[in-house]
2 protein chains.
Amino acid sequence: MFKLYSKGCEYALRALTYAASRSGNGRFQAKDVCEKADIPESFTRKVFQALTQGGFLQAVRGPGGGYELSRPPEKISLLDVIEAVEGQDTFEHCVLGFPECGGKHPCPLHETWSKAKRQLMAQLEHRTLQDLADSTTRKKRRAYISGG
Amino acid sequence: MFKLYSKGCEYALRALTYAASRSGNGRFQAKDVCEKADIPESFTRKVFQALTQGGFLQAVRGPGGGYELSRPPEKISLLDVIEAVEGQDTFEHCVLGFPECGGKHPCPLHETWSKAKRQLMAQLEHRTLQDLADSTTRKKRRAYISGG
DNA sequence: ATAATAGTGGATAGAAAGGTCCACTACTCA
DNA sequence: TGAGTAGTGGACCTTTCTATCCACTATTAT
């Protein structure tokens, strides 16, 4: 039952990727983005609420309203999104569930896991929403551009 | 909500690590091992049942009975245990939940994730139950041996 | 046979994750 | 001011995971 992040986080990433790939101003609406990303709207709205309260999104009510990213998509890493949804400490838990696992009392897997985790987090940190949006858009344009 | 594996798998790893660190023959009892590893017995028994049905453990009933590993602990990698408990396809799912994510239609995170996954699985594959048992035992002996 | 031991399988219950619904508020425009 | 739009917050439901209990079966020793 491996999970990098929760369903809510997966939806957030998919929705925000779509949002970042839109032309025009950055504002997007929950309903629209959920339909396009093919994710459950009611549930994803809850995630948006949380992201708004966390200062990650700005909500605008009323006609013409929607959400805006607090930072431009090229300044938002996947790790940012994941930690915003899951909390800052998602990757902190000991894999073997040892309560006092740490520098002084490492569990048998501590070093192995720390290394793998560092590599994983480094990858998540250097990819941004803009990257994801670009590759999605490029794919839709039949990918005749080779470079990144 | 990051999870490398389920609670059941965590318990299996902890229990089997303790089992591998026992001196004498390889047989161990569910009750004993769960107490020593400080994990819930009833729940872990279910995991043992599954591992037995999967051919991973051999069950011996009656007085003096218990379980035996089907292979010596130095021949069982952590990946073996994880896949035995979680199923062969735990690490196969697309991180973004795209149903047709694969070689021909990769999701935007496919390459990033594949790389991180390979590194992670390589680490889990080359560490065995015996390794874990050794480091646990060494720790208990106050770790005056430096090498690995 | 009987008692004791140790794993088995099914029922059940609680907690967390995933998901839906609806009345409400805030805002815009006519 | 009224209608329509878009996010909010709370109630509620379902599924999955985690956990426990107990009657049962297989085995061993007396």
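Remember, predicted model here, so these are calculated numbers, not experimental data. The sequence lines fix the lettering, A, B, ..., with proteins before strands; numbering per chain opens at 1.
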Under 4.0 Å, counting only non-hydrogen atoms across every strand here, what does [X] touch: a base, just sugar-phosphate, or nothing?
| X | value |
| --- | --- |
| B/F48 | nothing |
| B/K31 | nothing |
| B/Q49 | base |

Among A/L69, A/T128, A/L16, find the one that has a side-chain contact (heavy atoms from CB on, under 4.5 Å) with A/I76.
A/L69

DNA chain C-proximal residues of residues 53-64 of chain B, any heavy atom under 4.0 Å
B/Q53, B/A59, B/V60, B/R61, B/G62, B/P63, B/G64

Indicate yes or no: at least one non-hydrogen side-chain atom of A/V33 is less than 4.5 angstrom from one of A/Y67.
no

I want to check something: taking the side chain as every heavy atom from C-beta on, are B/L120 and B/L4 in contact at a cut-off of under 4.5 Å?
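Contact flag for B/L120/B/L4 side chains = yes.
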
Show me, pair by pair, the donor-acceptor contacts under 3.5 angstrom made by side chains of residues 37-56 of chain A, not counting sequence neighbours?
| unit_1 | atom_1 | unit_2 | atom_2 | d |
| --- | --- | --- | --- | --- |
| A/E41 | OE2 | A/R45 | NE | 3.0 |
| A/E41 | OE2 | A/R45 | NH2 | 3.0 |
| A/T44 | OG1 | A/P40 | O | 2.6 |
| A/T52 | OG1 | A/F48 | O | 2.7 |

With a 6.0 Å cut-off on the ring centroids, do A/F98 and A/W113 count as close?
no

Is any side-chain N or O of A/Y67 closer than 4.0 Å to OP1 or OP2 of D/dT8?
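Yes, A/Y67 has a side-chain N/O under 4.0 Å of OP1/OP2 on D/dT8.
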
Using a cut-off of strictly less than 4.0 Å, decide whether B/Y11 has a side-chain nitrogen or oxygen near OP1 or OP2 of D/dT18.
no

Atom [atom1] of [X] and atom [atom2] of [N]: how far apart are they, to the nearest Å?
| X | N | atom1 | atom2 | value |
| --- | --- | --- | --- | --- |
| A/Q29 | D/dG4 | CD | C1' | 13 Å |
| A/R45 | C/dG18 | CZ | C1' | 17 Å |
| A/R27 | D/dG7 | CZ | P | 10 Å |
| A/E68 | D/dG7 | CD | P | 11 Å |
| A/L51 | D/dG9 | CG | P | 14 Å |
| A/K3 | C/dA17 | NZ | P | 9 Å |
| B/K7 | C/dA17 | NZ | P | 12 Å |
| A/E10 | C/dA17 | CD | P | 16 Å |

What are the two closest heavy atoms between A/G103 and A/P106, and how far apart are they?
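Looking at all heavy atoms of both residues, the closest pair is O-CD, 3.8 Å.
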
On a heavy-atom basis, which atom in A/L132 and which in A/R127 lie closest, and how many Å separate them?
CD1-NH2, 4.0 Å

Toward the 5' end of DNA chain C, which comes first, B/G66 or B/M1, by nearest nucleotide?
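Taking each residue's closest nucleotide, the earlier one in sequence belongs to B/G66.
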
Any N or O donor-acceptor pair linking the side chain of B/K46 to the base of C/dG9 at under 3.5 Å?
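Yes, the side chain and the base share a sub-3.5 Å donor-acceptor pair.
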
